[in-house]
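Take a look at the structure below.
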Amino acid sequence: MTDRLLDIFNCLLQRFGPQHWWPAETPFEVIVGAILTQNTNWKNVEKAIINLRQADMLCLHGIHQLETGKLEALIRPSGFFRQKAARLHSFIGLIMNRFDGDLDRLLALPVGELRKTLLEQPGIGPETADSIILYAADKPSFVVDAYTQRIFSRVGLLSGRIEYDRTRALFMENLPRQTELYNEYHALIVRLAKMHCRKRQPLCSDCPLLAVCKYGQTACQGLTGP
DNA sequence: GCCCAGGTGGGTA
DNA sequence: TACCCACATGGG
């Protein structure tokens, strides 16, 4: 299993190269982006991030002091703005109340404890929690998204019920616990998925997996199927 | 006008 | 457990 997972990883890396995720300046910005991008196109998230930056509010204390209505107005382009404003304020409340306003103290927790703490916060589910651990705390926690589940089911590496934690375990139990590897792997899967989304083709002719490894055809079907 | 995007949580059976 | 639905904007 380890060899198969690394085989696919190398195919993607060879085709696309390093993705240099997460596209953010600081750990705090990673967290803001992770919440804002829930069920939302990243382009829309970027608009909200730009609004926050231009208002000089893209920081812990900035958002903390911002009235809910004003925060909602700034992040409106990212959609679900009422929910997301509440989630941002709630998350910052955690840092203020339990970590003395010091984000680094939260991120310094051991992975298991950090993940548990994150999952207890309203609006932080498994994907958002793992994104924060991997891309903000720089610790190994594999990020699973809908595409990951579909691709790896279709190529036959996942069987039975498709569940977040089972998919995550497939990677974490079969790959070395390396932050950089998890980082690139998830980013490359998203990169592959975006290529298919743009083209909207049932099967692609230039899929990197199709070109360089035996999983190509089924992976492509996995991307576009139900 | 319709579909989708780097999800989450509450309700119901 | 397994669905169903609300949440909302912007691009193709």
Side-chain angles (χ1 to χ4, degrees), chain A residues 9 12 16 18-25 27-52 68-94 115-138 141-153 160-168 171 179 182-202 204 219 222-226:
Chain A
F9 173 76
L12 292 170
F16 291 123
Q19 299 299 298
H20 305 296
W21 269 30
W22 184 287
E25 304 274 330
F28 181 75
E29 290 183 29
V30 172
I31 292 168
V32 172
I35 291 172
L36 293 184
T37 199
Q38 291 170 354
N39 206 37
T40 300
N41 190 304
W42 182 256
K43 290 288 180 188
N44 290 346
V45 176
E46 283 182 323
K47 292 175 183 177
I49 299 267
I50 288 170
N51 285 348
L52 288 168
T68 299
K70 292 182 179 175
L71 177 56
E72 288 175 354
L74 290 172
I75 67 171
R76 177 178 278 266
S78 71
F80 303 105
F81 56 87
R82 294 186 188 89
Q83 276 191 13
K84 289 174 179 176
R87 289 172 184 182
L88 286 172
H89 270 155
S90 171
F91 188 85
I92 287 169
L94 167 77
R115 191 166 196 266
K116 179 174 180 294
T117 302
L118 291 171
L119 289 174
E120 287 169 353
Q121 306 315 308
I124 307 290
E127 182 175 344
T128 305
D130 289 327
S131 295
I132 290 171
I133 297 168
L134 185 60
Y135 293 106
D138 207 27
S141 192
F142 202 92
V143 179
V144 172
D145 60 14
Y147 284 118
T148 309
Q149 310 240 36
R150 274 165 46 183
I151 293 168
F152 289 87
S153 289
R161 295 188 314 281
I162 294 180
E163 294 170 345
Y164 188 98
D165 286 338
R166 288 186 67 234
T167 307
R168 178 171 178 266
F171 290 91
T179 302
Y182 290 7
N183 180 323
E184 277 302 334
Y185 212 143
H186 174 65
L188 285 164
I189 288 168
V190 174
R191 177 69 183 80
L192 175 66
K194 283 185 175 176
M195 187 182 86
H196 283 260
C197 288
R198 229 179 18 252
K199 293 177 182 297
R200 290 174 183 278
Q201 291 176 348
C204 59
L223 276 162
T224 53

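Note on naming: letters A, B, ... go to the chains in the order of the sequence lines (proteins, then strands), and numbering restarts at 1 for each one.
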For atom CD1 of A:Ile75 and atom P of C:dA8, their distance in whole Å: 9 Å
Contacting residues from residues 122-138 of chain A, given that a heavy atom lies under 4.0 angstrom of DNA chain B: A:Pro122, A:Gly123, A:Ile124, A:Gly125, A:Pro126, A:Glu127, A:Thr128
Sequence neighbours excluded - salt bridge (charged side-chain N to carboxylate O under 4.0 Å, His left out) pairs with any residue from residues 118-129 of chain A: A:Lys116-A:Glu120
Flag side-chain contact, heavy atom, 4.5 Å: A:Gln19 against A:Leu188: yes
Atom pair distance, as rounded to whole Å: NZ in A:Lys194 and P in C:dG12: 13 Å
Please list every donor-acceptor pair under 3.5 Å in which a side-chain atom of residues 77-86 of chain A meets a protein atom from a residue at least two apart or in another chain.
| from | atom 1 | to | atom 2 | distance (Å) |
| --- | --- | --- | --- | --- |
| A:Ser78 | OG | A:Ile75 | O | 2.9 |
| A:Gln83 | OE1 | A:Arg87 | NH2 | 3.1 |
| A:Lys84 | NZ | A:Leu36 | O | 2.6 |
| A:Lys84 | NZ | A:Gln38 | O | 3.2 |
| A:Lys84 | NZ | A:Thr40 | OG1 | 2.8 |
| A:Lys84 | NZ | A:Ser78 | O | 3.0 |

Distance in angstrom units between A:Leu119 CG and B:dG7 P, rounded: 16 Å
Sequence-distant partners of A:Pro122, side-chain contact (heavy atoms from CB on, under 4.5 Å), two or more places apart: A:Ser90
Contact check, side chains of A:Val32 and A:Leu52, non-hydrogen atoms, under 4.5 Å: yes
Counterpart residues, salt bridge (Lys or Arg N to Asp or Glu O under 4.0 Å), relative to A:Lys43 (two or more places apart): none
Per-nucleotide pairing state of DNA chain C [Watson-Crick or G-U, under 3.5 Å; [ ] pseudoknot-crossing; | other strand]: |||||||.||||
Results of side-chain contact (heavy atoms from CB on, under 4.5 Å) for A:Ile50 - residues two or more places apart only: A:Gln54
Pairing residues for A:Ser153 by the side-chain contact (heavy atoms from CB on, under 4.5 Å) criterion, not counting sequence neighbours: A:Leu158, A:Ile162
Sugar-phosphate, base or nothing in reach of A:Gln121, heavy atoms under 4.0 Å: sugar-phosphate
Pairwise P distance for B:dG10 and C:dA8, with rounding to whole Å: 15 Å
A:Val143 and A:Tyr185, any side-chain heavy atoms less than 4.5 Å apart: no
Residues from residues 78-85 of chain A lying under 4.0 Å of DNA chain C - heavy atoms: A:Gly79, A:Phe80, A:Phe81, A:Arg82, A:Gln83
Short side-chain N/O contact to B:dT8 OP1/OP2 from A:Tyr164, under 4.0 Å: no
ring-ring contact (aromatic ring centres under 6.0 Å, His included) partners for A:Tyr182, two or more places apart: A:Phe142
Presence of salt bridge, A:Arg115 and A:Asp165, under 4.0 angstrom: yes
Aromatic plane relationship, A:Phe171 with A:Phe152 - under 30° parallel, 30 to 60° tilted, over 60° perpendicular: perpendicular
Gap between atoms CD and P, on A:Gln149 and B:dG7 respectively (whole Å): 11 Å
Interatomic distance where CD1 belongs to A:Ile162 and C1' belongs to C:dC3 [whole Å]: 16 Å
Residues within residues 34-52 of chain A bordering DNA chain C, heavy-atom distance below 4.0 Å: A:Asn39, A:Asn44, A:Lys47
Which residues share a salt bridge (Lys or Arg N to Asp or Glu O under 4.0 Å) with A:Glu72, sequence neighbours left out: none
